[in-house]
Amino acid sequence: KWLFPNAAEREYLGSSSDYLKTYENLVIEQLFPRLNLLKQEASAFDRADQDWASQVEAILSSLVIQFDKKKLPEEIMAMKAFENTSGFNKRQFLEVIKSAIAVDIFISEPWLQPVSNSFISQNVALIKSVPERLHLEVEGVVQRGLLQGQRVETIQAEIRSRFKVAENRAELIARDQIGKINGQLTQLRQKEVGLDRYVWRTSLDEAVRPAHAAREGKIFYWNNPPEGGHVGEDFQCRCFPEIVASDLFEE
């Protein structure tokens, strides 16, 4: 069985959580204590005077600058996720091949660096999109809350809820991206040794989507993907491609 890189996924999830927690702590430490004063200014302001609004913008802009200095660089997060997944995937690949033909093999992987570069580039963009979107949401919550005269506790609670949503989104990205790159590496490595088909295998539990459950045990060819893509390509797919052992002997 081609195992899923759970440890790589957990590390990516952990680094994503720490990444967002850095920003959340800055908001709690530096924005929350100022909300009472900002509310007082917003309640008493002359309608022509929007100084409190510009203060909110200035505070949040300062937090973004501090976040950039404190956070773990997105490139390092993405690179580590790729290295962990690729290393685990290759060990699995070699073990599966050896179990089928009782021989250790060596393969060259000239395609590995371009695949790594592509994964890192895509994931840096995905990682950055979470705090960028969150920043706009936090600013909107504060500006609306102060303008409408909401209680400070209400504004704080709404901000915390936005962080929770952002953390869930980051988790979805991490899970999906690890599954996708694991599936892509599996495909490339199987094709590298001449395997042009595989048996679709699922985890055989209630979480398997119906379309994938219907493919359990069926043979698919790498050059002819089914609807939704090969194993691992669909959103958060954890299916795996079982090798057709007889094809190894032919090769």
Side-chain angles (χ1 to χ4, degrees), residues 6 8-81 119-180 207 235-236:
N6 291 306
E9 181 186 81
R10 285 194 299 271
E11 182 167 337
Y12 200 4
L13 289 172
S15 60
S16 297
S17 178
D18 292 342
Y19 175 80
L20 283 178
K21 184 61 69 175
T22 300
Y23 184 51
E24 183 177 10
N25 288 340
L26 286 169
V27 170
I28 292 173
E29 293 167 2
Q30 299 187 34
L31 174 64
F32 279 19
R34 304 188 195 183
L35 287 176
N36 278 312
L37 181 58
L38 286 169
K39 183 183 178 183
Q40 292 175 19
E41 293 183 6
S43 299
F45 81 112
D46 176 351
R47 289 288 169 177
D49 179 12
Q50 291 282 343
D51 183 62
W52 61 270
S54 60
Q55 287 185 56
V56 172
E57 292 181 4
I59 292 170
L60 291 175
S61 295
S62 173
L63 295 187
V64 169
I65 295 172
Q66 294 178 62
F67 175 62
D68 284 339
K69 294 178 179 179
K70 288 189 172 186
K71 67 179 173 58
L72 181 67
E74 295 85 359
E75 291 81 1
I76 292 179
M77 292 171 60
M79 186 183 302
K80 191 67 174 177
F119 176 85
I120 292 171
S121 176
Q122 292 178 49
N123 277 258
V124 165
L126 288 170
I127 295 167
K128 285 183 174 180
S129 71
V130 178
E132 288 172 353
R133 178 175 172 179
L134 180 60
H135 173 78
L136 295 175
E137 292 179 350
V138 168
E139 182 174 356
V141 167
V142 175
Q143 298 281 20
R144 286 192 304 273
L146 294 176
L147 187 61
Q148 295 169 6
Q150 294 179 358
R151 297 172 63 243
V152 167
E153 293 78 9
T154 301
I155 296 173
Q156 292 175 340
E158 179 63 19
I159 291 174
R160 290 183 188 276
S161 71
R162 297 303 174 98
F163 271 103
K164 185 62 179 176
V165 171
E167 185 174 349
N168 290 339
R169 182 165 180 262
E171 288 182 2
L172 288 175
I173 289 173
R175 294 183 190 280
D176 181 60
Q177 289 299 302
I178 292 295
K180 278 184 168 56
F235 182 70
Q236 291 195 317

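Because only heavy atoms are used, hydrogens play no part in the values below, and waters and symmetry mates are left out as well, while side chains stay in. Keep in mind it's a predicted model, so treat the numbers as computed, not measured.
The CG atom of D68 lies 7.5 Å from the CD atom of E74; values are rounded to the nearest 0.5 Å. Put simply, NE2 on H135 and CZ on R162 are 14.0 Å apart, with the number rounded to the nearest 0.5 Å. Rounding to the nearest 0.5 Å gives a distance of 15.5 Å between CG of N123 and NZ of K80. For the atom pair CD of E167 and CG of L134, the computed distance is 11.0 Å after rounding to the nearest 0.5 Å. To the nearest 0.5 Å, the span separating CE on M77 from NZ on K128 amounts to 11.5 Å. Distance check, rounded to the nearest 0.5 Å: OG of S15 to CD1 of I76 gives 10.5 Å.
For Y19 and Y12, the distance between ring centers is not under 6.0 angstrom.
Q150 has its side chain out of reach of E158: every pair of non-hydrogen atoms, C-beta onward, lies at least 4.5 Å apart. Using a 4.5 Å cut-off on side-chain heavy atoms (C-beta onward), Q156 and R151 make no contact. Two residues are said to be in side-chain contact when any heavy atoms from C-beta on lie closer than 4.5 Å; V152 and L38 fail this criterion. Using a 4.5 Å cut-off on side-chain heavy atoms (C-beta onward), S16 and E171 make no contact. Using a 4.5 Å heavy-atom cutoff, the side chains of L13 and I178 are not in contact. In this structure the side chain of Q55 reaches within 4.5 angstrom of the side chain of D51, judged on heavy atoms. Annotation: side chain of E137 is not in contact with side chain of I159 (no heavy-atom distance under 4.5 Å). In this structure the side chain of R169 reaches within 4.5 angstrom of the side chain of R133, judged on heavy atoms.
Counting only residues at least two apart or in different chains, ring pair (Phe, Tyr, Trp, His ring centres under 6.0 Å) contacts with residues 138-175 comprise Y23-F163.
When atom types are taken as modelled, the side chain of S61 and the backbone of A58 share no donor-acceptor pair closer than 3.5 angstrom.
For the residue pair Q66 / S62, a side-chain donor-acceptor distance below 3.5 Å is found, with atom types taken as modelled. Between the side chains of Q236 and D176, no donor-acceptor pair is found at a separation under 3.5 Å.
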Open item on the list: Apply side-chain contact (heavy atoms from CB on, under 4.5 Å) to residues V130 and L20 and explain how you reach the verdict.
Closed with: CA-CA 8 Å; V130 178; L20 283 178; 3.8 Å; yes
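When all heavy atoms of Q177 and F119 are compared, the pair lying nearest together is O-CE1, 3.7 Å. Between I155 and V141, the shortest heavy-atom distance links the atoms O-CG1, 3.9 Å. When all heavy atoms are compared, the tightest approach of Q30 to I59 is O-CG2, 4.5 Å. For I120 against E75, the heavy-atom pair with the smallest separation is CG2-O, 4.4 Å.
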